2 protein chains.
Amino acid sequence: MPFYDIKELPALEIIPGCRTRIPYGEHLMLSYLEMDDGAEVPLHSHPHEQGGILLTGRMQLTIGDETRICEAGSLFLIPPNTPHRAVAVDGKAVVLDVFSPVREDYAERYNKYIPARS
Amino acid sequence: MPFYDIKELPALEIIPGCRTRIPYGEHLMLSYLEMDDGAEVPLHSHPHEQGGILLTGRMQLTIGDETRICEAGSLFLIPPNTPHRAVAVDGKAVVLDVFSPVREDYAERYNKYIPARS
C-alpha cells in the first residue's frame, strides 16, 4: 500500500520521549518522529545517509561539528557515518527523517512490534 | 553544508506551476516542491524510488492504479518504475519528495541553474 495515514501507523518508542512511524520500501525509509519537549536523540552515527525536514516545533541539531537551532521548514542532510544529535527545545517537535539505504535495525524492530496486525 | 534554509535555496520550475528546491547527497535527494492550484505533475515513472509527505494543501495523487486525495501530513512511497501523477487541488500544495538514488537529471538541471551563485 503506497499511501500512509500517520494515525493508522503504529508508533515505536525508539528512545524515551521519541516515537516514530517508519514506512519503508526498497531504498527509502521514512521516519515520522515525534519528540517530547527536551527529548534527545543522543550523538550517534550510522552508515545510512539521513535527510529530513523539521515539520513543527524547534530542534537543536548537531551534524558533525556544527550545531544549529532549526525552525519548522528547515531541511537537513546528514552524510553517512557522520555523528549527529537532536534535541527538541521549547516544546514538542515533529520531524520527518528519511534514510537510504533502509535501516534494517529499525525495520526489524518495527516488524517485531506490529506482528499483531498481520 | 548540511543545513538548508528553503528561502536561501534557488527554485527550479520543473513543470509550469511547479517549483522545486533539491538539496541532495550521496544516496538521497530532497525535493521541496511548491505546486500552484491546479498544477499537475503528469503521469510518469522512473527507476528511482520516491517517497514523501504532503506538507500543506491537498493533492490528488495517483500511484500505480490507485488514486487518492491526500491531506497535509499524508505519507507515501512510490516503488521504482511505478507510474505516478500529482495534481494540487483546492489551492496551492507543498510537498517534500525524497528520491533514492539521486535523480541525476534533476541534479544536472539544478547545477546548471545555480552556477551564478558559485
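Protein chains get the first letters and strands the later ones, always in sequence-line order, with residue 1 at the start of each. Given the structure is predicted, the values throughout are model-derived calculations rather than measurements.
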Novice: List for me each residue that meets salt bridge (Lys or Arg N to Asp or Glu O under 4.0 Å) alongside B:Glu71, sequence neighbours excluded, and say none if there are none.
Specialist: B:Arg58
Novice: Could you give the distance from CD (A:Glu66) to CG (A:Leu61), rounded to the nearest 0.5 Å?
Specialist: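 Between A:Glu66 CD and A:Leu61 CG, I get 9.5 Å after rounding to 0.5 Å.
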Novice: Considering only heavy atoms, give the residues of residues 47-57 of chain A separated from chain B by less than 4.5 Å, sorted numerically, with 'none' for an empty result.
Specialist: A:Glu49, A:Gln50, A:Gly51, A:Gly52, A:Ile53, A:Leu55
Novice: Side chain, backbone, both or neither: which part of B:Leu30 has a non-hydrogen atom closer than 4.5 Å to chain A?
Specialist: side chain
Novice: What residues, two or more places apart in sequence or in another chain, satisfy ring pair (Phe, Tyr, Trp, His ring centres under 6.0 Å) together with B:His27?
Specialist: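 In terms of ring pair (Phe, Tyr, Trp, His ring centres under 6.0 Å), with neighbours along the sequence ignored, B:His27 is linked to no residue.
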Novice: Please evaluate residues A:His46 and A:Asp105 with respect to the criterion side chain to side chain contact (heavy atoms under 4.5 Å, CB included), reporting the C-alpha separation (whole Å), side-chain torsions for both, the decisive distance (0.1 Å), and the verdict.
Specialist: CA-CA 11 Å; A:His46 41 69; A:Asp105 54 338; over 6 Å; no
Novice: Starting from the C-alpha separation in whole Å, work towards a yes-or-no answer on side chain to side chain contact (heavy atoms under 4.5 Å, CB included) for A:Ile63 and A:Arg68.
Specialist: CA-CA 9 Å; A:Ile63 303 175; A:Arg68 289 200 191 183; over 6 Å; no
Novice: Of the non-hydrogen atoms in A:Thr20 and A:Ser31, which two are nearest, and what is the gap between them?
Specialist: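 In terms of heavy atoms, the two residues are closest at OG1-OG, 2.6 Å.
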Novice: Over all heavy atoms of both residues, which pair between A:Pro42 and A:Ile15 is shortest? Give the atoms and the distance, please.
Specialist: CD-CD1, 3.8 Å
Novice: Using non-hydrogen atoms only, which part of B:Tyr24 is less than 4.5 Å away from chain A: side chain, backbone, both, or neither?
Specialist: backbone
Novice: Of the non-hydrogen atoms in B:Arg21 and B:Tyr110, which two are nearest, and what is the gap between them?
Specialist: CA-OH, 3.7 Å
Novice: Please report the shortest heavy-atom distance between A:Leu75 and B:Tyr32, naming the atom on each side.
Specialist: CD1-CB, 4.4 Å
Novice: Grab the two heavy atoms, one from B:Pro23 and one from A:Leu77, that are nearest each other, plus how far apart they are.
Specialist: C-CD1, 3.9 Å
Novice: With chain B as the partner chain, list the residues of residues 78-98 of chain A whose heavy atoms fall under 4.5 Å from it, by residue number, and write 'none' if nothing qualifies.
Specialist: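 Only A:Pro80, A:Leu96, A:Val98 of residues 78-98 of chain A have a heavy atom under 4.5 Å from chain B.
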